[in-house]
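What follows is a short report on a single structure.
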Amino acid sequence: MKVQLLGAARTVTGSCYMIEACGARFCVDCGMHQGNKAIEERNRASVYDAGHIDFMLITHAHMDHSGLIPRMVREGFSKPVYCTKATRDLLELMLLDSAHIQEMEAAAAARKYSRRGLKNPPAALYTTENAQKAALLLRPVEYHQTLEPCPGVKCTYYDAGHILGSGFLRLEITEDGKSTSLIFSGDIGRPNALIVRDPETPPPADYVFMESTYGDRNHKNESISGDELAEAIAYSYGKREKVIIPAFAVERTQEILYCLHNLYQQGRLPADMPVFVDSPLAIRATEVFKKNRELFDQDATALLARGSDPFELPNLRYTLSATESQSLNSMTGPAVIISASGMCNAGRIKHHLRHNIWKPGASIVFVGYQGVGTPGRKLVEKAKKITLFGEDIDVAARIFTIGGFSGHAGQSQLVDWVTPLARGGSQILLVHGEEKAQNTLAELLKSQLGAQVQIPAYLEELTFSGKVVTENVTHEAAGHPRVDWDFLSAELERKWAIFKDKLATVDQRPWVEQTELRDQMENMDYYMTRLISRM
């Protein structure tokens with residue numbers, strides 16, 4: 001049996017494990033890579049070989065675990081995609097929404113190329129038609145129901161407590177008379193989170209592929225998340241400005257609505273402060289939540305039993321159309337605007353930031369993980385400027401980061417989850433985390449639990465024979481192509497020499513032309529200064 005990591009290895013997005021066993025080739029998760037340009041180029045990599053995938057097992061509906069399914073369909077995949085019922089309900093919406101974004105971004109790129117006289121703009125990663133076909137492949141599976149998608153491979157879903165319908169998987173693979181049990185954690189939720197049930201205790205396994213997003217820290221002040229949100233609201237309400245909340249459409253938006261519902265009941269959400277959910281996907285996803293109430297935790301179930309809807313507010317308004325969304329940016333007065341995407345790298349949230357982030361009285365409230373290279377990560381790390389739609393904008397709004405809304409377990413919660421496995425002799429492979437977080441968690445697991453821990457790399461292949469890893473093959477050059485700094489700096493020096501030669505006669509040009517050249521040089525100086533400041 002062979003397992004290759006096609007994503008979420010020493011980084012957080014793009015989860016995909018390609019497995020070859022029992023004569024079948026299948027993957028656990030098929031997620032989209034999100035981050036800077038180099039990371040997102042992995043979405044178009046040829047390593048997936050979509051036409052030769054026999055089935056998929058999806059842990060949950062977030063795009064970094066499922067967002068490449070339509071791309072696989074586009075390239076010839078047509079086999080079953082197994083997931084929980086709630087995951088299926090959410091994916092039917094989310095894959096279509098993702099396809100719409102792909103098509104819009106491709107159309108925008110085509111217009112930009114045309115304006116510049118360029119040819120061959122990048123095509124959409126996939127289309128709405130691909131997403132519709134992908135949705136037809138989804139096959140619901142119940143928690144604790146053992147599925148045998150092919151002879152020799154058994155799979156069981158357990159509640160991961162991350163989002164509605166999320167699961168971690170236990171695979172039992174029997175090949176050549178030898179059995180290997182593996183757990184793929186997906187994303188592990190926080191105990192006592194709003195709405196969803198707590199993560200289940202994992203059953204024994206030989207190997208555990210475990211997420212490590214927050215492996216180096218705990219969430220601060222989880223019990224006062226509502227107080228922190230109330231503080232942001234009071235701050236901007238007092239200054240007659242807006243509270244902008246970048247939130248993932250699934251789970252996080254619903255948790256924020258739940259929290260705002262509680263604040264309203266406590267009198268801490270001003271009655272004249274409207275709340276807008278500005279994400280068509282989030283609006284539709286909320287309906288899916290209402291359809292799957294049997295998955296709610298005890299507190300949410302009790303609230304419903306009392307006749308109170310945790311997702312409703314007297315001053316709640318939904319904006320489905322682009323026109324309605326745009327009108328929010330010309331509206332005066334305080335408001336709460338919940339909009340996607342959660343990392344600020346696509347969608348309507350970028351427009352709301354553009355219109356509010358430079359205002360001293362506004363609040364930007366982050367309620368989830370921000371990937372490396374995303375605008376949200378830069379703001380959380382206290383960037384003084386941010387580039388939106390090609391324009392550098394000063395950051396004057398107050399930035400709030402509320403860890404208590406995170407859908408991911410913090411460090412101590414991860415340790416609690418994996419403790420029975422580590423003490424039972426499971427070997428731990430840390431995935432879905434940045435290197436610093438993974439290294440910190442690895443040392444903690446070794447020192448506290450005596451665990452055997454590995455941190456596999458992108459594209460690494462592990463060959464198993466029963467309970468033993470017989471071979472590790474890394475593909476460092478392909479996974480992390482070397483940046484040729486010598487070539488880049490030599491090119492810069494070559495062009496600077498040409499510039500210096502031309503500069504000798506530039507004062508003979510007309511004055512207006514000289515000022516235009518000066519403006520361009522000042523732009524170069526500005527961007528060089530920014531580059532140096534980041535090095």
Side-chain angles (χ1 to χ4, degrees), residues 161 163-164 189-198 218-279 282-283 285-287 289-290 293 295-319 328 331 333-339 342 352 356 361-368 397-407 410:
I163 68 169
L164 193 78
R190 293 183 301 108
N192 303 313
L194 295 174
I195 306 174
V196 296
R197 300 177 300 210
D198 289 355
N218 285 310
H219 302 301
K220 295 180 180 179
N221 304 321
E222 291 184 63
S223 62
I224 63 168
S225 296
D227 296 334
E228 292 178 302
L229 182 56
E231 180 186 355
I233 290 169
Y235 173 79
S236 289
Y237 182 79
K239 297 181 182 299
R240 312 302 294 170
E241 295 292 354
K242 297 182 177 70
V243 178
I244 308 298
I245 306 178
F248 302 109
V250 174
E251 199 73 32
R252 203 57 37 80
T253 292
Q254 291 75 34
E255 285 189 327
I256 296 301
L257 287 176
Y258 192 157
C259 188
L260 290 170
H261 175 93
N262 291 338
L263 291 179
Y264 180 81
Q265 296 296 323
Q266 298 162 11
R268 293 198 287 171
L269 176 63
D272 62 341
M273 191 173 192
V275 176
F276 295 93
V277 175
D278 187 36
S279 165
I283 295 166
T286 302
E287 293 304 312
F289 272 68
K290 293 179 180 180
R293 296 181 176 190
L295 299 178
F296 290 5
D297 66 9
Q298 288 184 348
D299 290 342
T301 301
L303 193 64
L304 290 166
R306 295 196 298 269
S308 184
D309 190 328
F311 308 130
E312 289 296 334
L313 292 162
N315 50 359
L316 179 63
R317 306 172 194 177
Y318 294 102
T319 52
L328 299 182
M331 182 187 73
V336 177
I337 299 175
I338 308 167
S339 188
H352 297 310
N356 292 278
S363 297
I364 314 298
V365 181
F366 288 98
V367 292
R398 187 172 173 185
I399 307 297
F400 291 80
T401 302
I402 305 180
F405 284 114
S406 175

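Remember, it's a predicted structure, so these values are computed and weren't measured experimentally. All residue numbers in this chain count up from 1 along the given sequence.
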* Does the S339 side chain pair with the main chain of D278, one donor and one acceptor, at a distance under 3.5 Å? -> yes
* About how many Å separate CG of L316 and CG of L257, when rounded to the nearest 0.5 Å? -> 6.0 Å
* Report the C-alpha distance between R398 and E241 in whole Å, list the side-chain angles of each, state the deciding distance to 0.1 Å, and finish with yes or no for salt bridge (charged side-chain N to carboxylate O under 4.0 Å, His left out). => CA-CA 11 Å; R398 187 172 173 185; E241 295 292 354; over 6 Å; no
* When rounded to the nearest 0.5 angstrom, what is the spacing between CE in M273 and CG in L263? -> 11.0 Å
* **Atom pair CG/CZ of L295 and R293 - distance to nearest 0.5 Å** => 12.5 Å
* Should P246 and I364 count as side-chain neighbours, where that means a heavy-atom distance under 4.5 Å? -> yes
* **Heavy-atom closest contact (C259 atom, G226 atom, distance)** => SG-CA, 3.6 Å
* Applying side chain to side chain contact (heavy atoms under 4.5 Å, CB included), run through F366 and F400 and close with a yes or a no. => CA-CA 6 Å; F366 288 98; F400 291 80; over 6 Å; no
* Asked: So, S236 and S363: side-chain donor and acceptor under 3.5 Å apart, yes or no?
  -> yes
* Does atom CD of Q266 have more than 12 heavy-atom neighbours, drawn from other residues, nucleotides or ligands, at distances under 6.0 Å? -> yes
* Does any N or O in the side chain of K242 come within less than 3.5 Å of the main-chain N or O of G361, such that one atom is a donor and the other an acceptor? -> no
* Ignoring hydrogens and angles, tell me if any N or O in the side chain of R252 forms a donor-acceptor pair with the backbone of F405 under 3.5 Å. => yes
* Between R197 and F296, is NZ or CZ placed under 6.0 angstrom from the six-membered ring centre and within 45° of the ring axis? -> no
* Asked: Is the closest side-chain donor-acceptor distance between S225 and H219 under 3.5 Å?
  -> no
* **Pair R190 + D198: basic N to acidic O under 4.0 Å** => no
* For E251 and V196, which heavy atoms make the closest approach, and how far apart are they? -> OE2-CG1, 3.1 Å
* Which atoms form the tightest heavy-atom contact between I233 and P270, and what is the distance? -> CG2-CD, 3.8 Å
* How about D299 and Y258: does a side-chain donor come under 3.5 Å of a side-chain acceptor? -> no
* Which pair of non-hydrogen atoms, one from V250 and one from A285, has the smallest distance, and what is that distance? -> CG2-CB, 4.0 Å
* Structure fact -> For A249 and Q254, the nearest pair of non-hydrogen atoms, with its separation, is O-NE2, 3.1 Å
* Asked: Yes or no on side chain to side chain contact (heavy atoms under 4.5 Å, CB included) for V365 and V367, after CA distance, side-chain angles and deciding distance?
  -> CA-CA 6 Å; V365 181; V367 292; 3.9 Å; yes
* Asked: Stepwise, does the side chain to side chain contact (heavy atoms under 4.5 Å, CB included) test hold for L194 with D297?
  -> CA-CA 8 Å; L194 295 174; D297 66 9; 5.8 Å; no
* Hey, does the side chain of H352 reach the backbone of I244 with a donor-acceptor pair shorter than 3.5 angstrom? -> no
* **T401 OG1 to K220 NZ distance, which is reported to the nearest 0.5 Å** => 10.0 Å
* To do: Starting from the C-alpha separation in whole Å, work towards a yes-or-no answer on side chain to side chain contact (heavy atoms under 4.5 Å, CB included) for F276 and I338.
  => CA-CA 6 Å; F276 295 93; I338 308 167; over 6 Å; no
* Asked: Short question: side chain of T253, backbone of F248 - any donor-acceptor pair under 3.5 Å?
  -> yes
* Asked: Is any side-chain heavy atom of I256 closer than 4.5 Å to a side-chain heavy atom of F311?
  -> no
* Would you say L260 and L229 make side-chain contact, with heavy atoms under 4.5 Å? -> yes
* So is R268 actually on top of Y264's ring, under 6.0 Å and inside 45° of the axis? -> no
* Rounded to the nearest 0.5 Å, how far apart are CG of D309 and CG of L304? -> 6.5 Å
* To do: May I ask you to check whether over 12 heavy atoms, not counting those of K290, lie within 6.0 Å of atom NZ?
  => yes
* Asked: Taking side chain as C-beta onward, heavy atoms only, is L269 less than 4.5 Å from N315?
  -> yes
* Asked: How long is the span from the CZ atom in R317 to the CD1 atom in I337, to the nearest 0.5 Å?
  -> 11.0 Å
